[in-house]
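Beneath this line is the structure, given in structure tokens, with notes to follow.
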Amino acid sequence: MPRLLAGKVALVTGASSGIGEATALCLAEAGAAVAMSARRADRLSGLVEKIETSGGTAVAIPGDMTVEADAKRAVEETVATLGGIDILVNSAGVMQAGGIENCDTDLYRKVIDINLMGTVYTCAAAVPHMLAKGEGDIITISSLAGRKGGPMTSAYSASKHAVNFMTDGMRQELGDRNIRVCTLMPGATETEVGDNIADPNWRTAIKAHVSKEGAVKPRDIGEAIVFILSMPRRTNISEIAIRPTIDTSA
């Protein structure tokens, strides 16, 4: 991969697997120094080793993005260790399934805490550094579920719908100060997103959906992110949807 992002510093949350992991690898291949945050410190360590073995620069900053102090620390340690923050990729997220009848409101709260508030926390911490530098890029991984709700996935869809509108609001606030903001909405992508769903039937259904033949691969998303970031600064790809070619109705 061409070193299109040489000299840039990126922070990727949710980097221990799936889209976050693939994005960190793609950014490093494109020349960026990459800080990575997630709860699973052991996986982050392995990813740092992989990037460094390939000649890249990476640091692990374990943390839980639902904890505001952890999110702020991830940003501040990125700046202190790598000398700044040019790129923030919000990839930390979780999915749960369940309807409103007899719903577990704690699950709703957890979904909203990580998908929405985790993104708020990292953006709030990163934006002052980007404004001081005079440029920056924020890419938030949302979902096509944020465009259209569905039965049993209302908490997830609601959180991603909120992320979509918050992210576009940031774009309008920050664009005239050279900070580009993008909402990236994947469809079925081969990740661990279904692994922690509490309901066993929905866990099986979602895992089958994201692992089906023709599903998007995490690296496809990572390469798209490098493309978005490599556009001339006069150009902001503010919203992009990436879905399996075979999914013609969703």
Side-chain angles (χ1 to χ4, degrees), residues 3-93 113-141 163 166-167 170 173-174 177-182 184 222 225-226 228-230 233:
R3 294 177 63 81
L4 300 170
L5 303 178
K8 299 292 186 180
V9 174
L11 168 62
V12 181
T13 69
S16 60
S17 67
I19 290 172
E21 178 183 12
T23 297
L25 289 169
C26 287
L27 292 176
E29 289 172 22
V34 184
M36 299 167 293
S37 191
R39 291 176 295 178
R40 293 177 287 189
D42 56 333
R43 290 200 181 186
L44 292 179
S45 296
L47 192 53
V48 167
E49 183 178 354
K50 186 173 183 178
I51 290 172
E52 290 182 339
T53 299
S54 299
T57 299
V59 296
I61 310 172
D64 181 347
M65 295 304 101
T66 67
V67 178
E68 186 172 4
D70 280 11
K72 184 174 182 179
R73 178 173 54 81
V75 171
E76 298 305 326
E77 286 193 19
T78 298
V79 173
T81 305
L82 299 177
I85 180 168
D86 302 291
I87 300 161
L88 170 63
V89 180
N90 293 300
S91 185
D113 279 350
I114 183 59
N115 294 351
L116 176 59
M117 295 310 300
T119 300
V120 172
Y121 297 150
T122 52
C123 291
V127 163
H129 293 286
M130 294 179 176
L131 288 173
K133 186 170 184 177
E135 67 176 49
D137 283 277
I138 299 171
I139 298 178
T140 295
I141 307 301
V163 162
M166 187 200 77
T167 303
M170 289 195 302
E173 292 174 26
L174 301 170
R177 286 178 283 179
N178 202 27
I179 296 177
R180 302 186 299 188
V181 181
C182 174
L184 194 157
I225 287 172
V226 172
I228 291 165
L229 293 169
S230 64
R233 292 215 63 83

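Just so it is clear, the model here is predicted, and its values are computed rather than measured.
- Looking only at distances, no side-chain donor or acceptor of Asp70 sits under 3.5 Å from a matching main-chain atom of Met65.
- In this structure a side-chain-to-backbone donor-acceptor pair under 3.5 Å is missing from Thr81 to Thr78.
- Under a cut-off of 6.0 angstrom, the local environment of CZ in Arg73 is crowded, with over 12 non-hydrogen atoms contributed by other residues, nucleotides or ligands.
- Between the side chain of Thr13 and the main chain of Ser91, a donor-acceptor pair closer than 3.5 Å is present.
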Which atom pairs, donor and acceptor, lie under 3.5 Å between side-chain atoms of residues 45-54 and protein residues at least two apart or in another chain?
from: Ser45; atom 1: OG; to: Ala41; atom 2: O; distance (Å): 3.1
from: Thr53; atom 1: OG1; to: Glu49; atom 2: O; distance (Å): 2.7
from: Ser54; atom 1: OG; to: Lys50; atom 2: O; distance (Å): 3.2

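- Rounding to the nearest 0.5 angstrom, the gap separating the CE atom in Met166 from the SG atom in Cys123 is 4.5 Å.
- Atom CD1 of Ile114 is separated from atom OG1 of Thr66 by 5.5 Å, given to the nearest 0.5 angstrom.
- Looking only at distances, no side-chain donor or acceptor of Arg180 sits under 3.5 Å from a matching main-chain atom of Glu135.
- Note that CG of Leu88 and NE2 of His129 are 11.0 Å apart. Values are rounded to the nearest 0.5 Å.
- Minimum interatomic distance between Thr122 and Ala71 (heavy atoms only, all atoms of both residues): CG2-CB, 3.9 Å.
- When every heavy atom of Ile179 is checked against every heavy atom of Arg233, the shortest pair comes out as CA-NH2, 4.5 Å.
- Here CD1 of Ile139 is found 5.0 Å from CD1 of Ile225. Values are rounded to the nearest 0.5 Å.
- For Thr167, the side-chain hydrogen bond (donor to acceptor under 3.5 Å, both in side chains) criterion is met by no residue, not counting sequence neighbours.
- Legend: residues meeting side-chain contact (heavy atoms from CB on, under 4.5 Å) with Ala15, ordered by chain and number and at least two apart, are Val12, Met36, Leu44.
- With Arg177 contributing its side chain and Leu131 its backbone, the two residues share no donor-acceptor pair below 3.5 Å.
- Closest of all the heavy-atom pairs between Ile228 and Cys182 is CD1-SG, 4.0 Å.
- Here the straight-line distance linking atom CG of Leu4 with atom CD of Glu29 works out to 11.5 Å at 0.5 Å rounding.
- No side-chain donor-acceptor contact under 3.5 Å links Asp137 to the backbone of Ile87.
- For the residue pair Val34 and Ala28, the shortest heavy atom distance occurs at CG2-N, 3.8 Å.
- Once rounded to the nearest 0.5 Å, the distance linking NZ of Lys8 with CZ of Arg3 reads 14.0 Å.
- Annotation for Ala10 and Leu27: closest pair CB-CD1, 3.8 Å, computed over non-hydrogen atoms.
- Contact between Ser17 and Arg43 at its shortest, heavy atoms only, is CB-NH1, 3.4 Å.
- Checking side-chain atoms of Thr140 against main-chain N and O of Asn90 turns up no donor-acceptor pair under 3.5 Å.
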Item to complete: Please assess Val127 against Ile138 for the test side chain to side chain contact (heavy atoms under 4.5 Å, CB included), listing each intermediate value before the final yes or no.
Response: CA-CA 9 Å; Val127 163; Ile138 299 171; 3.8 Å; yes

